[in-house]
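Just below is one structure, and these are the notes that go with it.
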Amino acid sequence: MPPLLRDPATVLPSLAAAPHPHPHLLRALHAHLLVSARLASLSHLAAFAAALASSGHLAYARLVLPRRPATLLAHNALLRALARGARPGLAFAAFRDLPLPPDHYSLSFLVRAATALAAAAAAERPVPGQVNARLLAVSSHGAAVRRGHAADPHVQSGVVSMYAALGDVADARAAFAEIACPDLVCVTAMVGALAAGGDVDAARDLFDGMPLRDHVAWNAMVAGYVHVGKSREALTLFDEMQRAGAAVGEATLVSVLTACAQIGALNRGNWVHWYMRSRRMRMSVTLGTALVDMYSKCGAVVTAMEVFEGMGERNVYTWTSAVSGLAMNGMGLECLELFKRMESAGIQPNGVTFVAVLRGCSMAGLVDEGQACFDSMKDKHGVDPWLEHYGCMVDLYGRAGRLDDAINFINDMPVEPHEGVWGALLNASRIHNNVELGKHALDKLLAIESQNDAAHVLLSNIYAESQNWKGVSKVRGVMKAKGVKKVPGWSAIEVGGKIHEFFVGGRSHPRHKEIELMLAEMGRRLRLQGYAANTKEVLFDIEEEEKEGAISLHSEKLALAFGLIALPESEEIRIVKNLRVCKDCHDYTKLISKVFNREIIMRDRNRFHHFKDGTCSCKDYW
DNA sequence: ATAGGGTTAG
């Protein structure tokens, strides 16, 4: 007996994965399963039927199921297996041909199938034979209503999360409003739906109004905050969750780690790792990946790699997190090496992996290597380049000063360049002081995206570099007239397990007086070292400038001053910033690291800067 | 005998 045929539990998934197994093979398998009495239990029978259906033999699948008496139970088991399988759309075909009227179980499986399709559509993962996720969603909801099962709580919660998966919060709200007495599960589904739709405040109101919250409800709310980037709120809520005595499990910790990663809360992240070990929690792929991501994004890349190496099972997410972590930390060569290891390990890289490895090459100036990766994408891995990848390539050439190559690359693109491509060229023009090219790139960029704030700021900086102050104020006027809003800059620093956030020109911190004194002291000691503020790149914070009539302090300087006050001298200062660090702040921080003899690790939008003894790990190349 | 809500990479 071939080993595969010994146990339905092992043979069925491989059958389901095969696109179109030969009918002879199926019949042989069927016969074997019958003879060896593997199909005696209904669950095995349903699994076999589902495997048949998944591999394109729905009619055969139905024949396998008991016909007389036709039990709805067996057909429901088929629906369930199909809804969970690789081709959830088949559940609709099976539903249409049910030999008996469907019950509330049938409907809940159908809704689940629609949810799976909606989730795949949202992730742009086309599922074979897919019609239209929205159409199927509405029809499954309609079927539930028609068959009189819309009031079943399992169907209700399923419908709410189905619309959420489609991205239709309004429909989720409407479905929720129809529910006379939503139970805990339905409310939790709605909390998740609201948060996923970006309305985290509405989610919180609903959450606060819950008479009872179990750990899943807490998880939904914590994850909701993480989803919209409110990491500090997520961590605060997690504290409350623990005080409330809710069970902390894998899902919770994954969200908490994601929050730590977002805001660079290394101490908190370390605590989670310790907590996992002290509870002897299993290092699942998801949890391990979240740890690798957290350590990478907190600049602890060595620890990230230790976790990575210690993991027993790794998937494409894990590898991509690690590759991306090395890229972000400026370790281009190591990033490339890990990518090659990934290839030899037989893990198929996807588009996200290539974004990471191309960025790694770009940051380390590895132009030829990056080019080779880009070429291998399609040839070797069958991944079609996205617009982002074209942007990465322009960045790769442009950063390295090969502006002609960048332009040729754009001209040879088989698709219309998008704003990211022109943005990369614009940035390269700024780095290499090419005003003409910068103007050209900006025109193209604004023709596509007239509200792009970063583009206006970059143009202003290009003008400022060439001392063209009229140009600077013109850009400012244009932004005002067009109503372009600059994303407010913030910097975060963790002190004593608490996250402190600073905003441009902010004065609201309880220790602002001390911060001001420290800033004055920093300025005094820097002047002694011959530092003069960089007026070339003018600080560009319209709102603040207008309010205060003076140039405001960028948030990273406030965070830095606070770090110098609040952290012991032996400790490095870690700052996370949401935008890219400007040249002035970069120069300033380099000198501070020298004059105050401190290590400063700053994560900006794109990468890490590791300041020590007056130099930065990015070698002024960012 | 079959069911629902929360979890990872750019």
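Values in this document were obtained by computation on a predicted structure and should not be read as measured data. Quick note on labels: first sequence line is chain A, next is B, and so on, each numbered from 1.
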Nearest-0.5 Å distance, CG of residue Leu235(A) to CD of residue Gln262(A)
9.0 Å
Among the candidates [options], find the nucleotide nearest to the side-chain atoms of [X].
X         : options                 : answer
Phe109(A) : dA9(B), dT2(B), dT7(B)  : dT2(B)
Leu73(A)  : dT2(B), dG10(B), dG4(B) : dT2(B)
Asp103(A) : dT2(B), dG5(B), dA9(B)  : dT2(B)
His104(A) : dA3(B), dA9(B), dG6(B)  : dA3(B)
Ser321(A) : dG4(B), dT2(B), dA9(B)  : dA9(B)
Val355(A) : dG10(B), dG5(B), dT7(B) : dG10(B)
Val254(A) : dT8(B), dA3(B), dT2(B)  : dT8(B)

Run the ring-centre check on Trp319(A) versus Phe308(A) and record whether the distance is less than 6.0 Å.
yes
When only distance counts, do a donor and an acceptor, one from the side chain of [X] and one from the base of [N], lie under 3.5 Å apart?
X         : N      : result
Asp152(A) : dG4(B) : no
Ser157(A) : dG4(B) : yes
Asn219(A) : dG5(B) : no
Asn76(A)  : dA3(B) : no

How is [X] classified with respect to the nucleic acid when contacts are heavy atoms under 4.0 Å: base, sugar-phosphate, or nothing?
X         : result
Gln156(A) : nothing
Leu184(A) : base
Ser324(A) : sugar-phosphate
Ser161(A) : sugar-phosphate

Closer than 4.0 Å, any side-chain N/O of Arg80(A) to the OP1 or OP2 of dA3(B)?
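True: Arg80(A) side-chain N/O within range (under 4.0 Å) of dA3(B) OP1/OP2.
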Phosphate-side-chain proximity, Lys297(A) and dG10(B), N/O vs OP1/OP2 below 4.0 Å
yes
Between Glu343(A) and Lys380(A), does at least one N-O distance fall below 4.0 Å, as a salt bridge requires?
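Lys380(A) and Glu343(A): salt-bridged.
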For the side chain of Arg147(A) and the backbone of Pro101(A), is there at least one donor-acceptor N/O pair under 3.5 Å apart?
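No.
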Is a side-chain donor or acceptor of Arg213(A) paired with a backbone partner of Asp208(A) at a separation under 3.5 angstrom?
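The answer is yes, because a donor-acceptor pair under 3.5 Å joins these two groups.
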